[in-house]
Chemist: 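Sharing a structure, written as structure tokens. Questions coming.
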2 protein chains.
Amino acid sequence: MLSKETLKKIFPDWEEGLYDAILKEAELKEAKAGTTLLKMGQNIKSAMLVVEGTIKLYQEGEDGGEYFMYHLNPGEACAVTLVCNYHHEQSQVLAKAVTDIQYLAIPIEFMEKWLNEFKSWHYFVIKTYRSRYEELLKTINETAFKNMDERLEFYIKRHINQFGPSVNLTHQEIANDLNTSREVVSRLLKKMENNGWIIMNRNSFDWIKK
Amino acid sequence: MLSKETLKKIFPDWEEGLYDAILKEAELKEAKAGTTLLKMGQNIKSAMLVVEGTIKLYQEGEDGGEYFMYHLNPGEACAVTLVCNYHHEQSQVLAKAVTDIQYLAIPIEFMEKWLNEFKSWHYFVIKTYRSRYEELLKTINETAFKNMDERLEFYIKRHINQFGPSVNLTHQEIANDLNTSREVVSRLLKKMENNGWIIMNRNSFDWIKK
DNA sequence: CTTATTTGGTGATATTTATCACACTCAAAA
DNA sequence: TTTTGAGTGTGATAAATATCACCAAATAAG
């Protein structure tokens with residue numbers, strides 16, 4: 001398990017008792033890069049707080065397509081899992097580990113209890129929902145108003161914001177995240193290369209614009 | 001001002017003290033159908049709780065386009081205005097009254113205070129964020145995965161869910177909400193009419209499918 | 001080294017959506 | 001009644017995106 005000190009660094013501003021409760025009730029889990037942590041429709045049995053690594057949150061289409069919404073980083077939590085009062089509540093998102101990760105899994109029976117018990121937990125839940133809501137607004141804005149070239153640019157910028165200017169994604173992976181096809185991504189990236197926005201290598205490219 | 005009884009009917013499950021606080025601090029405002037209640041980028045100075053009528057929430061594009069996200073009904077609140085700790089926080093949504101409405105405006109300086117003071121307020125905020133987050137997920141799903149014909153159908157269904165099977169919207173209004181053009185909406189509605197899904201009248205149509 | 005697989009490039013074509021142009025109809029106003 | 005304007009219908013065309021087909025380069029596997 002984590003030390004209380006580490007916990008405090010990752011999740012600051014909590015009450016002492018909340019750290020103790022976490023240490024007592026939460027399970028520290030690990031997952032390899034690429035693992036699916038939560039599928040759409042799956043019953044939620046525990047809340048998920050990120051300790052180490054990055055998670056990507058998706059919306060899943062009926063046809064099986066995926067649409068990337070936002071990243072979750074250490075100190076953040078998966079909003080949908082935070083307020084589940086009943087065991088039969090189903091996930092409306094798809095969550096995947098993009099790096100090897102560590103996360104705290106807290107059985108959902110504590111959610112209601114801790115809301116009553118710890119003011120700092122209550123604030124944490126609200127802060128989480130608020131920030132995720134804002135991420136969704138940005139995603140909607142991109143999706144509803146922008147063409148694929150701009151959406152690709154936005155996507156790349158979010159990626160380099162997370163992992164630095166070198167992008168190690170295949171065109172196919174990007175296409176999946178944007179719910180488009182590889183050919184479209186290839187052509188748009190080629191255009192960006194011609195514009196001098198990126199330098200392409202095999203299996204990766206570097207963002208140099210601005 | 002509203003009576004406490006009316007308030008309790010519209011916003012059930014609150015603490016007695018919260019009703020009193022609302023009666024003391026909130027201002028009951030009215031607005032005509034069509035009024036813009038909140039623009040994107042505008043400073044938020046009060047929280048907005050719907051008492052009567054329906055509000056439509058939009059995301060606004062840089063080019064001035066609008067994209068409909070969800071409805072707000074009596075007993076619901078505008079999530080973005082609920083957690084504003086500072087006076088310079090700007091709205092990321094556009095809110096318009098679609099009918100004549102009444103709403104409670106609560107100066108944002110009470111938000112932080114009431115979070116501490118009233119457990120039921122805390123729950124209300126979380127419940128609000130949670131339900132709005134879910135609405136956004138649905139909107140993203142429609143926008144990212146569906147073609148215009150399906151999005152139009154979804155849009156109409158949400159509308160009739162609010163106002164009944166007779167839809168009194170011009171093609172232009174629908175086009176604005178879906179960020180497309182009138183011609184596209186006209187053609188798709190014509191197709192629905194041919195399929196026997198709707199009956200068209202001038203300035204309105206009726207949904208009969210299913 | 002040779003072969004197989006993954007990844008990327010690109011033309012051709014189809015589909016979807018946007019845009020432009022203009023005609024028609026109804027209803028309200030003059 | 002005539003006029004005006006808002007709302008709608010629809011063809012033509014353009015632009016964006018999706019899909020198909022196939023090839024080439026790089027890498028991994030044998």
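Chain A is the first sequence line, chain B the second, and so forth, proteins listed ahead of strands; every chain is numbered from 1.
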Chemist: Taking OP1 and OP2 of C/dG8, is either one under 4.0 Å from a side-chain nitrogen or oxygen of A/His171?
Modeler: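 Checking A/His171 against C/dG8: at least one side-chain N or O falls below 4.0 Å of OP1 or OP2.
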Chemist: Decide whether a cation-pi geometry holds between B/Lys96 and B/Tyr58; the criteria are a distance under 6.0 Å from NZ or CZ to the six-membered ring centre and an angle within 45° of the ring axis.
Modeler: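 Flagged: B/Lys96 positioned over aromatic ring of B/Tyr58.
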Chemist: When you get a sec, tell me which of C/dG9, D/dG9, C/dT7 is the closest nucleotide to the side chain of B/Lys190?
Modeler: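 Looking only at heavy atoms from C-beta outward on B/Lys190, the closest nucleotide is D/dG9.
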Chemist: Pick from B/Lys191, B/Glu183, B/Lys190: which one makes a side chain to side chain contact (heavy atoms under 4.5 Å, CB included) with B/Arg187?
Modeler: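 Considering B/Lys191, B/Glu183, B/Lys190, a side chain to side chain contact (heavy atoms under 4.5 Å, CB included) with B/Arg187 is found only for B/Glu183.
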Chemist: Between A/Asn73 and A/Thr54, does any side-chain donor sit less than 3.5 Å from a side-chain acceptor?
Modeler: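 Side chains of A/Asn73 and A/Thr54: pair found under 3.5 Å.
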Chemist: What is the ring orientation for B/His122 with A/His122, classed by angle as parallel under 30°, tilted 30 to 60°, or perpendicular over 60°?
Modeler: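 Correct class here is parallel.
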Chemist: Could you check how far CG of A/Leu189 sits from C1' of C/dT10, rounded to whole Å?
Modeler: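 These atoms are roughly 14 Å apart.
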Chemist: Within a strict 4.5 Å, meaning less than it, do heavy atoms of the B/Ile126 and A/Val83 side chains meet?
Modeler: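 B/Ile126 reaches A/Val83 side chain to side chain.
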Chemist: To the nearest angstrom, how far is A/Met192 atom CE from C/dG8 atom C1'?
Modeler: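 Taking CE of A/Met192 and C1' of C/dG8, I get 16 Å after rounding.
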Chemist: Can you tell me how far P of C/dT15 sits from CG of B/Asn147, to the nearest Å?
Modeler: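 It works out to 13 Å between those atoms.
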Chemist: Starting at CD of B/Glu173 and ending at C1' of D/dA6, how long is that distance when rounded to a whole Å?
Modeler: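 B/Glu173 atom CD is separated from D/dA6 atom C1' by 12 Å.
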Chemist: Regarding A/Tyr67 and A/Thr143, is there a side-chain donor-to-acceptor distance under 3.5 Å anywhere?
Modeler: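 Result is yes, a qualifying pair exists.
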Chemist: Could you tell me the separation between the CD atom of B/Glu150 and the C1' atom of C/dT17, rounded to a whole number of Å?
Modeler: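 After rounding, the reported distance stands at 15 Å.
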Chemist: Send over the distance from B/Lys146 NZ to C/dT16 P, rounded to a whole Å.
Modeler: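 It works out to 16 Å between those atoms.
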Chemist: I need the CG-C1' distance between B/Asn201 and D/dA6, as an integer number of Å.
Modeler: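 Rounded to the whole Å, the gap is 17 Å.
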Chemist: Treat primed atoms plus P, OP1 and OP2 as sugar-phosphate and everything else as base, then score nucleotides 18-27 of chain C 5' to 3': B for base contact with protein heavy atoms under 4.0 Å, S for sugar-phosphate contact only, - for none.
Modeler: SBBB---BB-
Chemist: If I take atom CG in residue A/Asn168 and atom P in nucleotide C/dT6, what distance separates them, rounded to the nearest angstrom?
Modeler: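 In whole Å, C/dT6 P and A/Asn168 CG are 19 Å from each other.
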